[in-house]
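The structure presented is a predicted model; accordingly, all values stated were derived computationally and were not measured.
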Amino acid sequence: MKLSQAFIPTLKETPSDAEVASHRLMLRAGLIRPLVAGVYSYLPLGWRAMRKAAQIVREEIDRIGGQEFSLPTLSPKELWQGTGRYDEFGDLIFKLKDRRNRELCLAPTHEEVITDIARTSIRSFRDMPQLWYQIQLKHRDEFRPRSGVLRGRMFIMKDSYSLDADQEGLDAAYHRHREAYSRIFIRSGLKFFVVQASSGVMGGSESEEFMAPTAAGEDTVIRCSQCDYAANLEVAQSVPKPVQPLGEKGSRKVHTPDQRTIDEVSAFLGCRPENLMKSLLYIIEDKPVMILIRGDHELNENKLMALRGSNFRPAEADEALNITGANLGFLGPVGLKDAEILCDIGLREQTDVITGANEDDYHLVGLTPEKDFQVDSYQDLRHVKEGENCIHCGKPLNIINAIELGHIFKLGTKYSTSLGATFLDSSGEKKPIVMGSYGIGIERIIAAAIEQNHDEDGIIWPLTLAPYEVHILPIDMTNDQVSTVSKALYASFREHGLEVLIDDREESPGKKFKDADLIGFPFRINVGARSLKEGKVELKPRHERTVLQIDHKNALSAVKKMMEERHDVEREKLEKVSEKNIFT
RNA sequence: CGGGGCGUAGCGCAGUCCGGUUAGCGCGCAUGCUUCGGGAGCAUGAGGUCGGCGGUUCAAAUCCGCCCGCCCCGACCA
């Protein structure tokens, strides 16, 4: 491509509404332009990168037997009501009506559509396994689109769906995806790791996420400093720090006028927050449930949801008063009737705790679970905190931000059961199809690659995602020799199948260098009169500081050699995929 | 949805508090000449419903009201 003819509108200044690096650089390098909140147009350079990411994904899913579909984005409301997700997704679904007032929606994902096809065409165990996928637009009316392309309201997702006759089949499909995903992100040049995840509205049993660590990431992930343990904060576990008991003998009531919060009460009584117990009153499926958590811990609502479904909320102040007889701040489990009591496992061994007395301005001290109050069950309900230790090896855990690149789920029979997608097994018995669902956000591959690979001057593209591989930069197009050699190099690179761009504009060198750094292709070749006197040009890999002086006749072979070296590194990583969890 | 910020030329901003000529600056753009190894110089020029609607006033970018849009921070997802 000749830059003089290309549409690559770079920006010298950063648009004021871009905060994170990937958003800023994608705008500045002319990859995208905003249209409305959370919706972007891809300009030629950006779309080339997107197509490369999608192609890597396509190749790897094909490799494990995937068959690509093209599925409609417009779909009937009823299909989504069939699985209950019309309400579960709620306002997240874009809704519209056609001219005859039929209610339609824009698919936020495609499990329902796939299951609909499966139920009409998969009849026998002999028809399976199947692995179907698509790489297409999804629409979600996000509560809060943000960070540029990282969370848009329209985004391109690869989602594959495995259809199997039994659990073993699903396990195999899941495993193949796990491996394919690792290959995809290695080939995309990303740092990533796999974490245990929560299934959310997808339902199903096991699920894992592929995470790209970066400060711009919206997910919080727990990772052991020593062993392989890694989990999304939503489901992560840890060993809580031990507590020094206060040494109270037996329980007693103390006057704590106007002391409501953990901080207030602990300061008032001269103890530490961990000596207290939070008594949180929730309404779960219209019934009151008291949740007990150590004073310095936080309730993890994701864990609660995994346990009891999504129909819950904190009790209102007046409800709390009706149920316990006390105002918020003085609630407790002692003497509480007609409410279930759920206790976090972090409190199981604990004695000698302080909590509300169910009487305004009073707390109880010296309480011990089960002795002084009833516990209906112990559950893991709390958030992991910084500085806690790993449940597997006891070493410290780290809390880091990451971008969720992909998510793999064992759905099981949730969708096939609710939509009636069944088949006959070898003994003639009717069974629901066992399904898996596997997603990857294509723009997140691009955004994560930029987040992880940039400097103050611009993007540093991984070779495999770069819109072009080579950038030829003639320093002065008005110099005949420079112009001739540059054009000859351009022609020969093209002939040899390299993706090359030449900056044939009559611009000042400074501007050309700045643009080259900004759009950040892997290899740059500077052609200037100075070096050309000795027949040399400069080879500058974007990710290195060094500039190599090479004979212009050797430029092609030098670039090819460097590209080959990068592919070798990639191949080496790919070979190690099968058993490993962490890639850095 | 709750909280905060912003909306003036393609982009980045000043002017708004305290109303008063013809609404400015930088970048970019156009034309010409000069320049050519890290966002060149000079000259000339084009480009604006000051987010929208309504109100106050002799007079509104500026004050008031309503609305719209965008960004950032908190609960959901690829």
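Remark: the separation of the P atoms in B:G32 and B:G15 is 38 Å, to the nearest Å. Annotation: B:G3 and B:A75 have their C1' atoms spaced 13 Å apart (nearest Å). Using P as the reference atom, B:G38 and B:U62 are 47 Å apart when rounded to the nearest Å. Taking the C1' atoms as reference points, B:C53 lies 23 Å from B:A9, given to the whole Å. Rounded to whole Å, the separation between the P atoms of B:C64 and B:G69 comes to 22 Å. B:G7 and B:C11 are spaced 15 Å apart, taking the C1' atom of each and rounding to whole Å. Atom C1' of B:C29 sits at a distance of 8 Å from the matching atom of B:A46, rounded to the whole Å. For B:A61 and B:C17, the P atoms lie 12 Å apart once the distance is rounded to whole Å.
Evaluation of the salt bridge (charged side-chain N to carboxylate O under 4.0 Å, His left out) rule for A:E142 yields A:R151 as partners, not counting sequence neighbours. Evaluation of the ring pair (Phe, Tyr, Trp, His ring centres under 6.0 Å) rule for A:F521 yields A:Y468, A:H471 as partners, not counting sequence neighbours. Under the side-chain hydrogen bond (donor to acceptor under 3.5 Å, both in side chains) criterion, A:E506 pairs with no residue, sequence neighbours left out. Legend: residues meeting side-chain hydrogen bond (donor to acceptor under 3.5 Å, both in side chains) with A:Q481, ordered by chain and number and at least two apart, are absent. Remark: A:R308 pairs with A:E340 by the salt bridge (charged side-chain N to carboxylate O under 4.0 Å, His left out) rule, at least two apart or across chains. Listed by chain and number, the residues in a side-chain hydrogen bond (donor to acceptor under 3.5 Å, both in side chains) with A:K536 amount to none (sequence neighbours excluded).
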Using the 3.5 Å cut-off, write out each protein N or O paired with an N or O of nucleotides 7-9 of chain B and the distance between them.
none

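Among the atoms of the strands shown, only primed sugar atoms or phosphate atoms (P, OP1, OP2) are found under 4.0 Å from some heavy atom of A:T14. A:G406 comes within 4.0 angstrom of sugar-phosphate atoms only, judged by non-hydrogen atoms across all strands, and of no base. Within the nucleic acid shown, A:G148 has no heavy atom closer than 4.0 Å to any nucleic acid atom. Among the heavy atoms of the strands lying under 4.0 Å from A:S147 are primed sugar atoms or P, OP1, OP2 only; no base atom is included. Among the heavy atoms of the strands lying under 4.0 Å from A:E142 is at least one base atom, whether or not backbone atoms are also near.
Closest approach to the A:F155 side chain among B:C71, B:A78, B:G12 is made by B:A78 (side chain taken as heavy atoms from C-beta onward). Ranking B:G37, B:A78, B:C71 by closeness to the A:R140 side chain, first place goes to B:A78. Taking only side-chain atoms of A:E19, from C-beta outward, the nucleotide of B:C72, B:A75, B:G12 with the closest atom is B:C72. Closest contact between the side chain of A:S531 and the listed nucleotides B:A78, B:G12, B:G37 involves B:G37. Picking from B:C71, B:G12, B:A78 the nucleotide with the shortest atom distance to the side chain of A:H407 gives B:A78. Which of B:G37, B:C36, B:C76 sits closest to the side chain of A:D476 comes down to B:C36.
As the counterpart of B:C18, no nucleotide is assigned, since no Watson-Crick or G-U wobble pattern has both distances under 3.5 Å. Summarising the base pairing, B:A40 is matched to B:U34 through a Watson-Crick or G-U wobble pair whose two defining distances lie under 3.5 Å. Judged by Watson-Crick or G-U wobble contacts below 3.5 Å, the nucleotide B:C50 has no partner. B:C13: Watson-Crick or G-U partner is B:G24, with both key distances under 3.5 Å. Nucleotide B:U56 forms a pair with no other nucleotide shown, judged by Watson-Crick or G-U wobble geometry with both contacts under 3.5 Å. In this entry B:C6 has B:G69 as its Watson-Crick or G-U wobble partner, both defining distances falling under 3.5 Å. B:G74: Watson-Crick or G-U partner is B:C1, with both key distances under 3.5 Å.
Nearest-nucleotide assignment on RNA chain B puts the 5′-proximal partner with A:L35, out of A:L35 and A:I156. In terms of position on RNA chain B, the residue among A:V527 and A:G439 whose nearest nucleotide sits closer to the 5' end is A:V527.
To the nearest angstrom, P of B:C36 lies 17 Å from CD of A:Q481. Rounded to whole Å, the distance from CZ on A:F143 to C1' on B:C72 is 18 Å. Whole-Å rounding puts the A:E209 CD to B:C76 P distance at 13 Å. Regarding A:N479, its CG atom lies at a distance of 14 Å from the P atom of B:U35, rounded to whole Å. As a whole-Å value, the separation of A:L473 CG from B:G39 P is 13 Å. The CZ-P distance, from A:R24 to B:C72, rounds to 13 Å in whole Å. Whole-Å rounding puts the A:I475 CD1 to B:A40 P distance at 14 Å.
For A:R524 against B:G37, a side-chain-to-base donor-acceptor contact under 3.5 Å is absent. Counting atom types as modelled, A:R444 pairs a side-chain N or O with a base atom of B:C77 as donor and acceptor under 3.5 Å. You'll find a donor-acceptor pair under 3.5 Å spanning the side chain of A:D219 and the base of B:C77, going by distance alone. For A:R28 and B:C11, a side-chain-to-base donor-acceptor distance below 3.5 Å is absent, hydrogens and geometry of angles not being considered. No donor-acceptor contact under 3.5 Å links the side chain of A:E13 to the base of B:G39.
Not one side-chain nitrogen or oxygen of A:R146 sits closer than 4.0 Å to the OP1 or OP2 atom of B:C70.
Here the side chain of A:R153 pairs a donor or acceptor atom with the backbone of A:A37 at under 3.5 angstrom. At least one donor-acceptor pair closer than 3.5 Å links the side chain of A:Q452 to the backbone N or O of A:K191. Within the 3.5 Å criterion, the main-chain N or O of A:E112 finds no donor-acceptor partner in the side chain of A:D116. Panel note: side chain A:H110, backbone A:P72; a donor-acceptor pair is recorded below 3.5 Å.
Between A:D476 and A:T478, the side chains place a donor N or O and an acceptor N or O closer than 3.5 Å (distance only, hydrogens not considered). Counting only N and O atoms by type, the side chains of A:D219 and A:N232 include a donor and acceptor under 3.5 Å apart.
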If you look only at distance, which donor and acceptor atoms sit under 3.5 Å apart when one is on a side chain in residues 545-555 of chain A and the other is two or more places apart or in another chain?
| from | atom 1 | to | atom 2 | distance (Å) |
| --- | --- | --- | --- | --- |
| A:T546 | OG1 | A:E544 | OE1 | 3.1 |
| A:Q549 | NE2 | A:E538 | OE2 | 3.3 |
| A:D551 | OD1 | A:K553 | N | 3.0 |

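At a non-hydrogen distance threshold of 4.0 Å, A:E507, A:S508, A:P509, A:G510, A:K511, A:F513, A:K514, A:D515, A:D517 from residues 504-518 of chain A come into contact with RNA chain B.
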